[in-house]
Amino acid sequence: MTTLSERISQSAFDDARLRVVLLLDLYDGAQNQFLEVYEHMRRQVSSVPGHISDELCQSIENPSQWLITSEWESAPRFLSWLSSEEHVAMVQPLHGCVRDTRSLRFSVLRETGKTPVSGGAPADVATTSVPRRGDGIVRHALTFTVKPGSEAVVAQLLAGYTSPQAQVDEKTRLRRTSLFMHGNRVVRTVEVEGDLLDALRHVAEQPGVRALEEAVNPYLEQDRDLGDPASARLFFTRAALPAVHHVASGGADPQDLRRHALIYPAKDGCGMALARLLARQDEAAVDDPATPIEASTVFQRDDIVVRMLDVRGPLDARPALTLGVEGGHKAAVLARLLDSAKDGVPTTDEEISRFLARSEMRLITDRRSPARV
């Protein structure tokens with residue numbers, strides 16, 4: 001059995017407090033404007049459920065560099081706010097005074113207590129479980145919808161683009177891009193070794209990618225103007241589909257696996273609970289010596305939940321496990337969280353197989369780059 005420390009895993013569901021670090025580089029002369037914007041933001045964020053505190057810091061070496069740190073009760077609380085239209089509107093004024101930003105998120109594992117213990121030394125307090133083991137890969141996804149009736153044209157465009165150069169710089173490399181469609185919804189997942197933001201910027205600057213984005217523009221349900229930084233920024237902010245959980249046993253040859261994605265339309269307000277349910281199922285699945293699931297990544301934003309699987313053999317070899325409902329009353333729990341629960345609770349293998357087939361997304365392209373030598 002694979003133990004937690006042996007697994008490759010990441011998760012927003014450890015229920016630890018979250019520390020968010022936002023690095024900012026201001027435009028020359030924008031300091032006063034930035035401070036006014038920050039004060040307005042600070043008052044708004046203080047009333048957001050789950051927010052604990054924040055700090056504003058200025059570099060003593062370069063006064064144009066600033067740091068905002070905030071603490072949250074948990075990662076799900078922060079991510080729910082991050083994906084809200086309230087957040088999108090609140091950060092808009094920042095773009096007029098900030099040249100560049102970088103956001104980092106950390107679970108609080110240990111902290112030094114402020115109250116001395118009996119020996120007089122500060123207490124070192126554990127606040128959550130053992131650390132997870134990473135693989136040096138950052139996972140992220142974007143999702144958007146296209147106009148009904150344009151799906152075939154869009155799929156052809158997305159399948160035929162020229163891959164960007166994998167090597168971004170000496171620290172960052174594109175490892176894999178997988179693109180799926182389900183109806184008129186597109187999901188593009190990326191795996192990056194190094195810095196995600198640098199990789200996304202690198203991809204956006206490639207002529208082939210820019211030509212593809214312009215070709216897709218007429219078919220999008222949400223208008224965007226890639227020549228207008230504000231319009232492009234707003235589109236990609238709303239399209240962000242963060243990875244909230246990833247787990248892999250780490251023992252299989254990738255060449256022996258096939259990549260699939262399943263989409264789970266959650267009921268209003270149930271997206272995070274649904275993602276958490278699937279995450280728990282996949283933690284258990286990779287511990288099963290006979291599992292066909294080598295790796296799972298759950299992406300979630302609002303009520304859109306996508307689960308990407310690397311599977312050994314046919315997808316429906318163990319349909320209940322693959323769907324995430326094997327054992328106990330998991331199918332009934334899943335049905336209560338799904339917007340499509342009116343279709344009934346899938347209980348038999350035949351019903352689960354049909355449900356699985358309806359949930360599977362169409363793989364448009366899956367492009368891998370070799371690992372760095």
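When reading the values below, keep in mind they use all heavy atoms of this one structure, side chains included, and skip hydrogens, waters and symmetry mates. Predicted model only: the values in this text are computed from it and were never measured.
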Would you list the pairs meeting salt bridge (charged side-chain N to carboxylate O under 4.0 Å, His left out) in which at least one residue belongs to [range], sequence neighbours left out?
{"range": "residues 45-57", "result": "none"}
{"range": "residues 74-91", "result": "Glu73-Arg77, Glu85-Arg238"}
{"range": "residues 214-229", "result": "Glu213-Arg224"}

Only pairs at least two apart or in different chains count here, so list each ring-ring contact (aromatic ring centres under 6.0 Å, His included) that has a residue in [range].
{"range": "residues 84-107", "value": "Trp81-His87"}
{"range": "residues 145-184", "value": "none"}
{"range": "residues 259-300", "value": "none"}

Short question: side chain of [X], backbone of [Y] - any donor-acceptor pair under 3.5 Å?
{"X": "Arg301", "Y": "Ser83", "result": "yes"}
{"X": "Ser369", "Y": "Leu174", "result": "yes"}
{"X": "Lys330", "Y": "Gly324", "result": "no"}
{"X": "Glu36", "Y": "Phe34", "result": "no"}
{"X": "Thr172", "Y": "Asp195", "result": "yes"}
{"X": "Asp302", "Y": "Ile304", "result": "no"}

Closest approach of Ile364 to Met181 (non-hydrogen atoms, all atoms of both residues):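 The answer is CG1-CG, 3.8 Å.
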
If you look at every heavy atom in His51 and Ser53, which pair is closest and at what distance?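 Result for this residue pair: NE2-O, 3.2 Å.
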
Apart from Val88 itself, what residues make up its hydrophobic cluster when side-chain heavy atoms of I, L, V, M, F, W and Y under 4.5 Å apart count as a link, directly or indirectly?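 Once heavy-atom contacts under 4.5 Å are chained together, Val88 belongs with Leu234.
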
Taking ring-ring contact (aromatic ring centres under 6.0 Å, His included) as the test, write out the residues that go with [X], two or more places apart.
{"X": "His202", "answer": "none"}
{"X": "Phe78", "answer": "Trp72"}
{"X": "Tyr219", "answer": "none"}

Could you check Arg132, Arg139, Arg133 and say which one makes a salt bridge (charged side-chain N to carboxylate O under 4.0 Å, His left out) with Asp135?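 With Asp135 as partner, salt bridge (charged side-chain N to carboxylate O under 4.0 Å, His left out) holds for just one option, Arg139.
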
May I ask you to decide whether Glu191 forms a salt bridge with Arg259, counting only side-chain N to carboxylate O separations under 4.0 Å?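 Yes, this pair counts.
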
Got a salt bridge between Asp198 and Lys171, using NZ or NE/NH1/NH2 to carboxylate O under 4.0 Å?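 Not counted as a salt bridge, because no side-chain N and carboxylate O are separated by less than 4.0 Å.
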
From the options Asp15, Val305, Val298, select the one residue that forms a side-chain contact (heavy atoms from CB on, under 4.5 Å) with Arg276.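 It is Asp15; the other options fail the test.
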
Glu61: what forms a side chain to side chain donor-acceptor pair (under 3.5 Å) with it, not counting sequence neighbours?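 By the side chain to side chain donor-acceptor pair (under 3.5 Å) rule, Glu61 matches no residue at all.
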
Would the number of heavy atoms belonging to other residues, nucleotides or ligands and lying under 6.0 Å from CZ of Arg102 be above 12?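 Yes, enclosed.
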
Under 3.5 Å donor-acceptor pairs involving side-chain atoms of residues 20-32, not counting sequence neighbours:
| residue | atom | partner | partner atom | Å |
| --- | --- | --- | --- | --- |
| Asp25 | OD1 | Ser64 | OG | 3.4 |
| Asp25 | OD2 | Arg99 | NH1 | 3.3 |
| Gln31 | OE1 | Gln58 | NE2 | 3.4 |

Side-chain contact test, heavy atoms from C-beta onward, threshold under 4.5 Å: evaluate it for Glu151 versus Val154 and give yes or no.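 With C-beta onward as the side chain, the pair stays apart.
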
